[in-house]
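Sharing a structure with you now.
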Amino acid sequence: MSKMRSLMRKSKTMTCLLTQLPPFRTINSTNNFRSYRSHQNPCPILLSGLFGPISSSANRRYCSSSSEVRKMGDKAVSSLQNLQNPDSLSYLSQQEASEVDEILMGPLGFSVDQLMELAGLSVASAIAEVYKSTEYNRVLAICGPGNNGGDGLVAARHLHHFGYRPIVCYPKRTPKPLYNGLVTQLESLSVPFLSVEDLPMDLSNDFDILVDAMFGFSFHGTPRPPFDDLIQRLVCLQNLNQTYQKSSVIVSIDIPSGWHVEEGDISGKGIKPHMLVSLTAPKLCAKKFSGPHHFLGGRFVPPSIVDKFKLQLPPYPGTSMCVRIGKPPQIDISALRENYVSPELLEERVFFDPFDQFQKWFDDAVAAGLKEPNAMALSTAGKDGKPSSRMVLLKGVDKDGFVWYTNYESQKACEISENPHASLLFYWGGLNRQVRVEGSVQKVSDEESEQYFHSRPKGSQIGAIVSKQSTVIPGRHVLHQEYKELEKKFSDGSLIPKPKHWGGYRLKPESFEFWQGQQSRLHDRLRYTPKEIDGRKVWKIDRLAP
């Protein structure tokens with residue numbers, strides 16, 4: 001079990017950094033300019049992306065006063081609203097998009113292959129976020145001769161590594177080393193290339209996702225063969241989709257091919273993609289996009305470009321290469337369901353001791369790379385019998401029970417003092433597993449709490465002192481101010497005393513239930529309960545109906 005405690009100490013703490021967004025501006029220039037994603041001139045420049053990294057000094061400036069913290073909160077709320085309001089975003093004209101490319105490829109030192117790689121990864125990431133490879137596995141990437149087509153080639157490579165089965169149609173290949181290299185990379189992965197003649201007329205018979213990477217924002221005029229025919233096949237495909245006969249989806253990169261960069265689908269008879277992945281910033285034609293999924297991709301444009309063009313764009317979440325723009329599609333919650341596919345959980349294949357079975361499943365969750373596998377829902381109830389639940393982190397487990405730490409004056413602690421019984425729930429969705437543990441609760445020894453407290457990071461120790469958990473406070477600035485004072489007080493490296501109101505609890509199990517999701521809701525449920533046989537404690541295993 002020492003292994004378990006070691007794993008717990010490595011659990012990560014998530015922090016949120018609220019970034020200040022630049023002022024709003026919609027860009028409306030209508031001049032024409034030929035650049036990066038040109039059908040006839042495929043060599044220039046790529047675009048995509050948003051904010052660069054925020055320096056630690058900038059972060060300190062943001063948090064230098066309580067008023068600035070409150071302003072940051074207001075900006076964060078505003079940014080969330082911008083995600084759902086397309087009119088509040090910046091849109092680039094054709095000329096402005098070209099100017100962004102020129103700056104990236106000139107003084108900022110980016111190469112076209114660097115930018116193409118990031119753009120293709122963004123497209124693949126957006127596809128993977130919406131369309132699961134288990135349901136939309138067969139992908140056809142239709143690539144033009146320009147850099148938009150190069151983005152499609154890169155996206156196809158990433159989709160292969162994401163578990164999809166891509167096929168590429170690349171009818172007008174560009175004889176440049178960059179593009180030849182992308183073709184070679186795909187061929188080394190055994191990704192098939194099909195000619196236009198080999199494609200079926202009804203693409204939906206063979207493909208779940210059609211990636212439109214034919215023309216970028218630099219293209220203008222009328223598409224020539226064979227792209228005019230390919231565009232028409234996509235139009236015919238969506239007409240079938242409207243009759244609910246087919247389920248294939250169209251994903252356009254930056255600009256739906258055949259659209260006017262600034263005026264959109266002028267004829268009203270062009271491609272109507274289900275997903276549009278804009279790069280750098282949405283082009284003006286994106287205002288006419290009415291599909292359910294609009295993403296912004298990239299994440300490499302530095303602040304100098306954001307400032308120069310006064311770009312108003314949403315921040316990227318976490319480490320994602322893409323961010324959703326506009327409102328997500330309306331979802332029928334009652335229709336959300338997952339048909340689990342898992343190995344059977346059989347009585348003869350589990351450990352006799354539930355602690356050993358828990359350790360096995362916990363190790364599986366760690367090996368699978370699941371985020372915070374030690375996260376558990378703790379449910380308590382006071383003398384009034386009203387239950388309450390919250391997520392806490394398991395910090396140790398052995399044959400004596402499950403240990404976590406908290407404030408002894410919190411709501412859960414008050415309820416435990418009135419009713420020393422609780423339940424724990426572990427949910428490992430990536431493995432279709434959950435474990436319920438129910439039992440009695442008592443505090444761990446002061447020595448054990450003291451030892452764990454001083455094993456925590458310094459910031460967590462100070463945070464435990466600052467937070468009067470579950471009490472009402474006037475604002476977050478109060479926490480920041482007290483934290484800064486204590487941080488300064490203990491800056492000499494002196495020992496931070498453990499608060500008397502802080503320590504651990506141990507739940508001693510009285511029952512376990514191991515749940516494994518299965519198809520058609522015929523889930524496996526094995527319950528362990530203690531039983532005494534010949535004066536010794538053993539665990540009885542019962543199968544419960546799902």
Side-chain angles (χ1 to χ4, degrees), residues 36-39 42 46-48 116 119-120 122-128 130-131 136 138-159 164 166-172 193-194 196 199-200 202-204 206-220 222-241 246-261 264-267 269-279 282-283 285-286 288-297 322:
Y36 163 59
R37 299 180 193 280
S38 173
H39 172 55
L46 175 108
L47 49 108
S48 332
M116 190 178 290
S122 300
V123 172
S125 298
I127 290 173
V130 175
Y131 303 112
Y136 294 83
R138 305 168 302 168
V139 180
L140 174 65
I142 305 175
C143 300
N147 288 357
N148 192 264
D151 295 345
L153 296 174
V154 174
R157 171 161 49 79
H158 285 294
L159 288 171
Y164 297 81
I167 291 176
V168 177
C169 178
Y170 189 23
K172 296 287 186 179
F193 281 75
L194 292 182
V196 175
L199 289 178
D202 183 357
L203 298 174
S204 62
D206 298 274
F207 304 106
D208 305 309
I209 300 174
L210 288 305
V211 178
D212 162 27
M214 288 179 273
F215 303 125
F217 72 79
S218 299
F219 179 80
H220 65 273
T222 302
R224 296 194 294 266
F227 297 105
D228 54 352
D229 174 67
L230 289 169
I231 289 174
Q232 192 56 41
R233 292 198 205 185
L234 296 184
V235 172
C236 293
L237 174 71
Q238 67 201 23
N239 291 336
L240 288 174
N241 285 342
K246 304 294 180 181
S247 59
S248 301
V249 296
I250 301 171
V251 177
S252 289
I253 298 179
D254 206 33
I255 301 292
S257 294
W259 280 30
H260 189 282
V261 177
D265 182 16
I266 299 175
S267 68
K269 300 179 180 180
I271 298 173
K272 294 178 175 59
H274 304 80
M275 174 185 283
L276 174 63
V277 185
S278 293
L279 298 169
K283 310 310 173 288
C285 68
K288 307 294 179 63
F289 173 70
S290 60
H293 305 291
H294 189 186
F295 281 81
L296 176 67
C322 58

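Count residues from 1 along the sequence.
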Notebook entry, point to check: Do Ile167 and Leu140 come within less than 4.5 Å of each other through their side chains, counting heavy atoms only?
Noted result: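 SC-SC contact between Ile167 and Leu140 confirmed.
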
Checklist line | Partners passing ring pair (Phe, Tyr, Trp, His ring centres under 6.0 Å) against Tyr164 (at least two apart in sequence or in another chain) | finding: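 Ring pair (Phe, Tyr, Trp, His ring centres under 6.0 Å) check on Tyr164 returns nothing, list empty.
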
| said: What's the separation between atom CD1 in Ile255 and atom CZ in Phe219, rounded to the nearest 0.5 Å? | reply: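 These two atoms lie 12.0 Å from each other.
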
| message | Whether the side chain of Lys269 engages the backbone of Asp265 through a donor-acceptor N/O pair (distance < 3.5 Å, no angle test) should be reported. | response |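 Checked: no pair found.
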
Hey, is the main chain of Ala119 close enough, under 3.5 Å, to the side chain of Asp151 for a donor-acceptor pair?
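No; zero donor-acceptor contacts below 3.5 Å.
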
For Ala155, which residues count as a side chain to side chain contact (heavy atoms under 4.5 Å, CB included) partner, sequence neighbours excluded?
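Only Val123 meet the side chain to side chain contact (heavy atoms under 4.5 Å, CB included) criterion with Ala155.
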
| field | Stepwise salt bridge (Lys or Arg N to Asp or Glu O under 4.0 Å) check, Asp206 with Arg138 | value | CA-CA 7 Å; Asp206 298 274; Arg138 305 168 302 168; 5.4 Å; no

For the backbone of Ala286 and the side chain of Trp259, can you confirm whether one donor and one acceptor N or O come within less than 3.5 Å of each other?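 A pair under 3.5 Å: no.
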
* Asked: Does Thr222 have any side chain to side chain contact (heavy atoms under 4.5 Å, CB included) partners at least two apart in sequence or in another chain, and if so, which?
  ->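 Partners of Thr222 by the side chain to side chain contact (heavy atoms under 4.5 Å, CB included) criterion come out as none, since no residue qualifies.
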
What's the shortest heavy-atom distance between Val277 and Ala126, and which atoms?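 Heavy atoms of Val277 and Ala126 come nearest at CG2-CB, 3.9 Å.
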
Shortest non-hydrogen contact from Leu230 to Pro171?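 For Leu230 and Pro171, the tightest heavy-atom pair comes out as CD1-CG, 4.4 Å.
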
Has Ser252 got a side-chain atom pairing as donor or acceptor with Asp212's backbone, closer than 3.5 angstrom?
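Absent.
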
Could you tell me how the ring of Tyr170 sits relative to the ring of Phe193: parallel (under 30°), tilted (30 to 60°) or perpendicular (over 60°)?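 Ring orientation of Tyr170 relative to Phe193: tilted.
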
Does the pair Ser248 and Leu203 meet the rule for a side-chain contact (heavy atoms from CB on, under 4.5 Å), with working shown? CA-CA 8 Å; Ser248 301; Leu203 298 174; over 6 Å; no

*asked:* Rounded at 0.5 Å granularity, tell me how far CD1 in Ile127 sits from NE2 in His293.
replied: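 It is 11.5 Å, given to the nearest 0.5 Å.
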
Notebook entry, point to check: Is there a side-chain contact between Lys172 and Pro226, using heavy atoms and a 4.5 Å cut-off?
Noted result: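 Yes. Closest side-chain heavy atoms under 4.5 Å.
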
Query raised in the report: Is the backbone N or O of Gly291 less than 3.5 Å from a side-chain atom of His274, with the two atoms forming a donor-acceptor pair by type?
Result: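 Flag not set: sc His274 to bb Gly291 has no pair under 3.5 Å.
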
* To do: First locate atom CD1 of Ile250, then atom CG of Leu234, and finally report the distance between them rounded to the nearest 0.5 Å.
  =>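 Rounded to the nearest 0.5 Å, the CD1-CG separation comes out at 4.5 Å.
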
| Side-chain heavy-atom pair Val251, Leu210 within 4.5 angstrom cut-off |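 They are not in side-chain contact.
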
Identify the two heavy atoms, one from Gly258 and one from Phe215, that lie closest to each other, and give their separation to 0.1 Å.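 Shortest heavy-atom separation between Gly258 and Phe215 comes out as N-CD1, 4.1 Å.
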
query: Could you give the distance from NE2 (His260) to SG (Cys285), rounded to the nearest 0.5 Å?
result: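 Those atoms lie 9.5 Å apart.
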
Next on the checklist: If we ignore hydrogens and angles and just use 3.5 Å, is the side chain of Asp254 paired with the main-chain N or O of Phe217 as donor and acceptor?
Outcome noted: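 No, Asp254 side chain to Phe217 backbone: no donor-acceptor pair under 3.5 Å.
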
Looking at residues at least two apart in the chain, or sitting in another chain, which of them share a side chain to side chain contact (heavy atoms under 4.5 Å, CB included) with Phe289?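 If we apply the side chain to side chain contact (heavy atoms under 4.5 Å, CB included) test to Phe289, skipping adjacent residues, the hits are Pro273, Leu276, His294.
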
Once rounded to the nearest 0.5 Å, what's the spacing between atom CG of Asp202 and atom CZ of Phe207?
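If we round to the nearest 0.5 Å, Asp202:CG and Phe207:CZ are 11.0 Å apart.
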
Report task. Return the minimal non-hydrogen interatomic distance between Phe227 and Cys143, and the atom names on each side. Result ->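 The pair with the smallest heavy-atom distance is CE2-O, 3.9 Å.
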
Self-check item: Residues in side chain to side chain donor-acceptor pair (under 3.5 Å) contact with Asp229, at least two apart in sequence or another chain
Solution: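 Listed in chain order: Arg233.
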
Please round to the nearest 0.5 Å and tell me the distance separating atom CG of Leu237 and atom OG of Ser204.
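Nearest 0.5 Å value for the CG-OG distance: 5.5 Å.
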
